[in-house]
Structure formats: structure tokens, C-alpha cells
Amino acid sequence: MAIERREGVTIGGGDGSSFEKAIIVHAASLPQALLAGFEYIALRYGWFQIISGSIVKDKGKSYKVLTYEDHRPRGDPKPKRVFYLDVSEYLPTYSFPPVDPPEARDKRLTGKGVAVVKVDPATGRVTSASMIRSTGHDILDNAALRALRQWRYRPRGITTFEIPIQFTTKGVIY
């Protein structure tokens with residue numbers, strides 16, 4: 001059964017107890033979907049305290065696996081429960097990290113920005129990419145956009161993704 005939220009988020013799927021019974025959240029972005037998933041778990045099951053989380057792939061799909069600890073009981077160990085959120089539609093099926101240009105590395109340029117990519121829902125191909133918040137250096141922005149234009153997504157209804165990106169002296173985080 002799906003639940004329609006006033007923000008336009010739809011939640012459905014199972015009870016989140018396994019890959020096969022994963023909670024499925026449809027939203028405009030991965031952060032919105034995860035926030036809605038956290039809220040759904042807190043309201044429906046009363047579990048509030050996340051102690052760990054990771055992205056895991058199973059049978060070609062991607063899941064955010066969250067371990068919650070029940071904060072109410074006294075003593076240790078506290079009861080724990082794992083929830084599975086299907087996040088496949090938000091992650092690219094083909095991607096590679098932006099290359100830190102040698103010139104930028106030599107100058108030790110760093111910066112944090114946000115790119116937005118538009119995706120053709122019929123093919124999953126990126127049709128455009130631009131920076132909505134610059135890293136502060138054109139050379140880093142251009143390196144990020146070159147890589148993002150080659151990413152591929154599953155064909156579906158979501159057509160716009162915001163992707164945070166950070167160039168550090170140790171590499172690229174996205």
C-alpha cells in the first residue's frame with residue numbers, strides 16, 4: 001500500500017525488514033527520499049536513533065540499509081532493527097568519479113559545489129549538466145561536469161538530480 005504525503009512523496013513497498021520487503025520511496029531527490037524514509041520509520045515503527053547506514057547492492061538494485069537502536073529500554077544491549085530502503089532510482093547505473101585535473105592538483109585547488117543533471121526519462125542518459133553552486137574554480141567545475149555528462153541512470157520518471165561534489169587534496173567526493 002502506498003502513502004501519499006503532502007510534499008508529493010510516495011511511500012510504498014513492504015515493512016523494510018529485508019531486500020525483498022524494502023520500503024520504496026519516490027521523491028524528487030535522494031535526500032528528500034531518505035528524509036521521508038526516516039520520518040516514515042519513526043512515525044510507523046517508533047524507531048528514532050540511527051546507529052549505522054550504508055548503501056548495499058543486491059540483485060541489481062541499490063538499498064540504503066539503516067540500523068536503528070531502540071533508545072527507550074534501559075541497559076545494554078539495546079534492541080536493534082535493520083530497515084531496507086530501495087534507493088535504486090536515485091543512483092546512476094553507470095558512473096565514474098570526476099578526474100582531478102593535473103593543473104588543479106599542482107595548484108592544490110579544492111572546492112565544494114553542487115551540480116544539477118537533467119536526465120532523459122526514456123533512455124536514462126544525461127541531457128545536460130550545470131553547476132548550481134560552483135566549487136570556486138572553473139577548472140574543477142568543468143572536470144565535474146565532463147564526468148557527470150557521461151553518467152547513466154535507469155529510465156524512469158525522475159529527470160533532475162542534484163549532486164554534491166567536493167574536490168579535496170586527497171581526491172574527489174561525490
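Here the straight-line distance linking atom CG of Asp15 with atom CZ of Arg44 works out to 7.5 Å at 0.5 Å rounding. Annotation: the span from Ile55 atom CD1 to Tyr90 atom OH amounts to 12.0 Å, rounded to 0.5 Å. The distance from atom CG of Asp70 to atom CD of Gln49, rounded to the nearest 0.5 Å, is 9.0 Å. Taking CG of Leu109 as the start and CG of Asp100 as the end, the distance is 8.0 Å to the nearest 0.5 Å. In this structure, the separation between CD1 on Ile165 and CD1 on Ile173 is 10.0 Å, given to the nearest 0.5 Å. Between Ile41 atom CD1 and Tyr68 atom OH the span is 4.0 Å, to the nearest 0.5 Å.
No donor-acceptor pair under 3.5 Å is formed between the side chain of Thr159 and the backbone N or O of Pro121. No donor-acceptor distance shorter than 3.5 angstrom exists from the side chain of Arg133 to the backbone of Met131, with no hydrogens or angles considered.
Cluster annotation: Val116 and Val119 are assigned to distinct hydrophobic clusters (Ile/Leu/Val/Met/Phe/Trp/Tyr, side-chain heavy-atom contacts under 4.5 Å, transitive). Cluster annotation: Val126 and Tyr174 are assigned to the same hydrophobic cluster (Ile/Leu/Val/Met/Phe/Trp/Tyr, side-chain heavy-atom contacts under 4.5 Å, transitive). Cluster annotation: Tyr45 is connected to Leu34 through the hydrophobic network of ILVMFWY side chains, with a link wherever side-chain heavy atoms come within less than 4.5 Å. Linking Ile, Leu, Val, Met, Phe, Trp and Tyr whenever their side-chain heavy atoms come within less than 4.5 Å puts Leu85 and Ile50 in one cluster. In the hydrophobic clustering of this structure, Tyr84 does not group with Trp47; members are Ile, Leu, Val, Met, Phe, Trp, Tyr whose side-chain heavy atoms approach within less than 4.5 Å, directly or through other members.
The 12-atom threshold is exceeded at NZ of Lys80, counting heavy atoms of other residues, nucleotides or ligands nearer than 6.0 Å. Few gaps surround NZ on Lys78; more than 12 heavy atoms of other groups in view lie less than 6.0 Å from it. The number of heavy atoms from other shown groups lying within 6.0 Å of CZ (Arg125) does not exceed 12.
Every residue two or more places apart in sequence or in another chain was checked for a ring-ring contact (aromatic ring centres under 6.0 Å, His included) with Phe167, and none qualifies.
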With side chain to side chain contact (heavy atoms under 4.5 Å, CB included) as the criterion, how do Val117 and Leu145 come out once you've worked through the C-alpha distance, each side chain's angles and the decisive distance to 0.1 Å? CA-CA 9 Å; Val117 296; Leu145 296 174; over 6 Å; no
Assess whether side chain to side chain contact (heavy atoms under 4.5 Å, CB included) is satisfied between Ile23 and Tyr40, documenting all intermediate values. CA-CA 9 Å; Ile23 297 167; Tyr40 176 76; 3.9 Å; yes
| request: Determine, stepwise, if the pair Glu20 / Lys59 fulfils salt bridge (charged side-chain N to carboxylate O under 4.0 Å, His left out). | output: CA-CA 10 Å; Glu20 294 77 24; Lys59 297 178 185 166; 3.7 Å; yes
Under the side chain to side chain contact (heavy atoms under 4.5 Å, CB included) rule, what do Arg81 and Ser17 come out as? Steps first, then yes or no, please. CA-CA 8 Å; Arg81 178 160 177 198; Ser17 62; 4.1 Å; yes
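Nearest heavy-atom pair across Ser62 and Leu91 is CB-CD1, 3.5 Å. When all heavy atoms of Ala143 and Pro98 are compared, the closest pair comes out as O-CB, 3.8 Å. Of all the heavy atoms in Asp86 and Tyr63, the pair that sits closest is CA-CD2, 3.8 Å. Taking both residues in full, the closest heavy atoms of Thr110 and Leu140 are given as C-CD1, 3.9 Å, listed atom of the first, atom of the second, then distance. Glu89 approaches Val25 most closely through the heavy-atom pair OE2-O, 3.8 Å. When all heavy atoms of Thr93 and Arg154 are compared, the closest pair comes out as CG2-CG, 3.6 Å.
Looking only at side-chain heavy atoms (C-beta outward), Trp151 and Ile163 come within less than 4.5 Å of each other.
A centroid separation of less than 6.0 Å is found between the aromatic rings of Tyr153 and Phe161.
Side-chain contact of Thr135 with Asp141: a donor-acceptor pair under 3.5 Å is present, judged by distance alone.
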